[in-house]
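Read through the structure below, which is laid out as structure tokens, and then see the notes.
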Amino acid sequence: MRLLVQVSEARNLPAIDGGGGLSDPYAKLQLGRQRGKTRVAKRTLSPTWDEEFAFRVVDLKDELVVVVVDEDRYFSDDFLGQVRVPLSAVLDADNRSLGTQWYQLLPKSKKSKIKDYGEIRLTISLSLNYPEETTTLAHCVSDDLASYSDKSTELQKGSSLPNIPIEIPTSVSGGDETEIIKEDRSNGVPSFVNRLYQFFSAKPKDAEASASAPPLTTGDGNSDILEETPSTSSELPDNQDYETGVTMSFDEQLKAFGSCHEGNEIPENLSGGVLIDQVYAVAPSDLNGLLFSPSSDFLQSLAEMQGTTGLEIQQWRLENDGEVLKRVVSYTKAPTALVKAVKATEDVSYLKADGDIYATLADVSTPDVPFGHSFRVEVLTCIMPGPELPDNEKSSRLVVSWRLNFIQSTMMKGMIENGAKQGLKDNYIQFSELLARNIRPVDSKDAAATDKVLSSVQPEQESDWKLAFRIFGNFTVVSSLVAFIYVFSHIILASPSIIQGLEFPGLDLPDSVGEVVVCGVLVLQGQRVLNMIARFIQAKRQREIFEFDAMEDPPSVMKINVYDFDGPFDEVESLGHAEVNFLKSNLSELSDIWIPLKGKLAQACQSKLHLRIILNNSRGTEVMKDYLDKMEKEVGKKIAVRSPHTNSAFQKIFSLPPEEFLINDFTCHLKRKMLTQGRLFLSPRIIGFYTNLFGHKTKFFFLWEDIEDIQVMPATLYSMGSPSLLIILHKGRGMDARHGAKQLDNEGRLKFHFQSFVSFNVAHKTIMALWKARSLTPEQKVQLVEEESEMKDLQNNESDSFLGIEDAKMSEVFSSTKPFDVSTLMSIFEGGPLEHQVMEKIGCMEYSVSPWESVRADAYQRQIHYKFDKRLARHEGEVMSTQQKSPLPDKNGWLVEEVMTLEGIPVGEYFNLHMRYQLEQISSKPKACNVQVSIGIAWLKSCKNRKKIAQEVLSSASSRLKKMFGLLEKELLPAK
């Protein structure tokens, strides 16, 4: 599509001072990055040009800009007015034409003193087919000429370009000769200096001819348009090649480029390291199209995911007769904690494209970052065929490597390398996550190992003769054959016996006990031979391999029962049973394992079952996505996919296989003899609890299938006014988690008690949804749904868990010597009136504590709950804490440790506050003791402003401690 513009004339142009009331006007036109200009009309305010231009339409959002200026031979040209016409207006007009109209010229800004800039007459239309021979084409440029201020600015923009001679055919008036003028546009010489150089270096005759020469025109009389060289190119592309490269489709460009680079080897990985090396279940050409095709929206989706703005993707350009295929991508990176938002430009060029192997090199420049002018980042992307997959499915291997190219030497080289490496690593983690949503990733090592094991599982093809010899080559068959020959020979040699006793013709009964025994032996031998024949037939059919589709619902356990089958009329007898737990066994063990059978007969005989179990993920990350989609319908709210770091930490805590992923986690208390604060983790197959309290770790998990019932217990004072959950397991199930159970009832069922959830409704609905989806029958699910009220919109306020569960790094914030002994000072931790009085004065409202209970030798524990006084605290909220006290090693004081959970305050759910009080008696002063308090923060979730939050928390806690011990001292001293 072409935009046709005819610049006819202008009238009533403003007069410029110093020009004698007249001007030398000409018009400049721009559409996108294409531009053109008319000839100069000498000494007039109503010029006539009658010139036509054709612009290639690239983006319908562009607008046509026409600027009228007054030419000045020695100084910058003067602005006379401008007009803007959006392409959308032309497209919406009848017959895609605005016709011939007079357009009012407008100033640059509203502050202009000139009121009337005159008018210009234009004819504007859109054409699908237009002969290029009859029009002047406006060429593509790299700089933005929306504002034509002066020529010196234009030349300065190109000052960084290499020297490029441009040859322009020029018709000289008064003669038929055509001479070639070479003009160096890249030396950055200002317009005034350049014109002085031309004026004084030209011969008088030449200068006179130049002054009187008509504008530069082509053979058809139209103005020639000079092409500005793009700043990213070192050569001026041929006009015909450039037009061809832009109009070709992406596939055609790849074929043309590939034909020019046949036989090129795959480039080696760059020295900086490999960012991605992954196999995907897709053909190389399709993967290349997803990443680099102009029609793909992958880059736009990645920009949204990373917070990148201002993404501009230029079209692929095929240049130098197919030798070069490149494009430019520019964008603005989102700000980070260390670097503000910066602009980046990627020059992407193909190195190889032969249909099976593709390689691109991106040269990334970020001049706005610190020391950005001293280096550039190069990223090499290689796509090649991957290993063969089942069902002849094609695969591709994607390898992304990088390196730094330092343009200038700098002392900060190490810092730049580390920063670039970390930035690229973070970006390509998100890149991989997004790519995995579009294409199924395949682990090439696992695929090869699986193929190897599957091939070993397949039975060897055994000939019928070998199989028959293996089954029939034994004493039973040989003895039966000998007996058969012996009896058959006897029948031939013996004469018919006389009918006697109860015999009648056709029925010959044994005449002695010996004959009865012989007949019984022969029958038994014949039965055994028939059984062997049946085994032979079954072995030929080879039905030893069973295949199950377990992708719809990830399996937790596989139950196996072994039976003795003696025929359709005999009762089936169980020989034993076994169970395979996929969460407690790794894949390498399951590939070849002997499992002991359970049962009276099996245990007496010590029976074992030899299994070879192969788990093959045929759908990649789609398993996680599909399962979360199903859970979203059950829970009633979209569930976010956790990051690989979060899932990895979760798997590490409970020693789970890599295919298990986290759905949600909640802060709560586990109720046993004493409350234990920790986190409850939910995944498709397990529910687990983990805590690291005062250096003592407690963790366990059990399967959703193990749960028999989930009950909601009403709120009590002991549960801090919040309902709690009672989870009851089936008899004999979950015994590995027995240490976390509250009790084992008379029926042999474990009971787990969880309370003090930050958001009980969220936790309860999520747990019930996962349990229903996993363990209940369809009838039970319908029954539970009918009993529950309609589920409201669920808002997950505990997403993005960090899951580091890291130990808090303690730092001392308070130290003081008090004029009383340790026993007196410990009254602040005894739960009496003094403690309540002091804590309420420092802003702890509704202060409640549980009595100290022994948890082990010389260690006691209690629970505390209170609310912040909004008159004294910056934020309203609640605190639930667990305190544990134990005597110091030398028995001359106490150590009190506390873990606090903050609720209802900003980012309170992101961390736990750890406090350590050390109260030690001073040996030289019986009536004095030392108090040291240390505080640490254990982060539960990722947070950008960790340092700032930690400083505020420590400052607030330090001030609060000083106030608390100061009030305590005032209360105790008058009493003494």
Derivation of the side chain to side chain contact (heavy atoms under 4.5 Å, CB included) call for Val879 and Ile864:
CA-CA 8 Å; Val879 173; Ile864 301 175; over 6 Å; no
Taking every non-hydrogen atom, the tightest pair across [X] and [Y]:
{"X": "Gln861", "Y": "Leu675", "answer": "NE2-O, 2.8 Å"}
{"X": "Ala334", "Y": "Gly307", "answer": "CB-O, 3.3 Å"}
{"X": "Gly734", "Y": "Asp706", "answer": "N-OD2, 4.0 Å"}
{"X": "Ala741", "Y": "Arg672", "answer": "O-CG, 4.0 Å"}
{"X": "Pro596", "Y": "Ala578", "answer": "O-CB, 4.1 Å"}
{"X": "Pro657", "Y": "Arg685", "answer": "CG-NH2, 3.9 Å"}

For side chain to side chain contact (heavy atoms under 4.5 Å, CB included), just list the numbers for Ser432 and Ile276, CA-CA rounded to whole Å, side-chain angles, deciding distance to a tenth of an Å, and then say yes or no.
CA-CA 8 Å; Ser432 301; Ile276 296 178; 3.3 Å; yes
Okay, side chain of [X], backbone of [Y]: is any donor-acceptor separation there less than 3.5 Å?
{"X": "His753", "Y": "Lys671", "result": "no"}
{"X": "Asp426", "Y": "Gly423", "result": "no"}
{"X": "Ser396", "Y": "Val282", "result": "yes"}
{"X": "Lys699", "Y": "Ile653", "result": "yes"}
{"X": "Asn647", "Y": "Leu662", "result": "yes"}
{"X": "Trp704", "Y": "Ser683", "result": "yes"}

Looking at side-chain heavy atoms only, is the closest gap between [X] and [Y] below 4.5 Å?
{"X": "Leu670", "Y": "Thr691", "answer": "no"}
{"X": "Met305", "Y": "Arg437", "answer": "yes"}
{"X": "Met880", "Y": "Gln677", "answer": "no"}
{"X": "Phe701", "Y": "Ile687", "answer": "no"}
{"X": "Leu435", "Y": "Tyr280", "answer": "yes"}
{"X": "Phe757", "Y": "Leu680", "answer": "yes"}
{"X": "Ser574", "Y": "Val562", "answer": "no"}
{"X": "Asp665", "Y": "Leu682", "answer": "no"}

Mind checking what makes ring pair (Phe, Tyr, Trp, His ring centres under 6.0 Å) contact with [X], not counting sequence neighbours?
{"X": "Phe654", "result": "Phe650, Phe681"}
{"X": "Tyr917", "result": "Phe829"}
{"X": "Phe911", "result": "Trp939"}
{"X": "Tyr428", "result": "Phe431"}

Find the distance between [atom1] ([X]) and [atom2] ([Y]) and round it off to the nearest 0.5 Å.
{"X": "Thr667", "Y": "Asn912", "atom1": "OG1", "atom2": "CG", "value": "6.5 Å"}
{"X": "Gln306", "Y": "Ser301", "atom1": "CD", "atom2": "OG", "value": "11.0 Å"}
{"X": "Ser881", "Y": "Met915", "atom1": "OG", "atom2": "CE", "value": "9.5 Å"}
{"X": "Ile686", "Y": "Glu705", "atom1": "CD1", "atom2": "CD", "value": "11.5 Å"}
{"X": "Phe661", "Y": "Leu656", "atom1": "CZ", "atom2": "CG", "value": "12.0 Å"}
{"X": "Leu750", "Y": "Glu708", "atom1": "CG", "atom2": "CD", "value": "11.5 Å"}

Stepwise side-chain hydrogen bond (donor to acceptor under 3.5 Å, both in side chains) test for Gln743 and Asp745:
CA-CA 6 Å; Gln743 65 180 29; Asp745 64 9; 5.9 Å; no
Hey, is NZ on Lys751 packed in by over 12 heavy atoms from elsewhere, all under 6.0 Å?
yes
Near-ring test Phe754/Phe666, centroid separation under 6.0 angstrom:
no
Less than 6.0 Å separating the ring centroids of Phe700 and His739?
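Centroid distance Phe700-His739: below 6.0 Å, so yes.
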Asn427 and Lys425: side chain to side chain contact (heavy atoms under 4.5 Å, CB included), yes or no, with the steps?
CA-CA 6 Å; Asn427 287 341; Lys425 183 179 179 181; over 6 Å; no
So, are Glu897 and Arg916 salt-bridged, with charged N and O less than 4.0 Å apart?
yes
Could you walk me through whether Glu747 and Lys731 pass the side chain to side chain contact (heavy atoms under 4.5 Å, CB included) test, one step at a time?
CA-CA 7 Å; Glu747 300 179 11; Lys731 179 181 178 181; 5.6 Å; no
Taking it one step at a time, do Glu579 and Arg733 satisfy salt bridge (Lys or Arg N to Asp or Glu O under 4.0 Å)?
CA-CA 12 Å; Glu579 184 178 277; Arg733 305 295 298 181; 3.3 Å; yes
Among residues at least two apart in sequence or on other chains, which ones pass side-chain contact (heavy atoms from CB on, under 4.5 Å) with Lys948?
Asn945, Glu952
Criterion side-chain contact (heavy atoms from CB on, under 4.5 Å) against Ser934, the qualifying member of Met810, His914, Gln918
Met810
Residue set satisfying side-chain hydrogen bond (donor to acceptor under 3.5 Å, both in side chains) with Arg862, at least two apart, ordered chain then number -> Glu835, Gln883
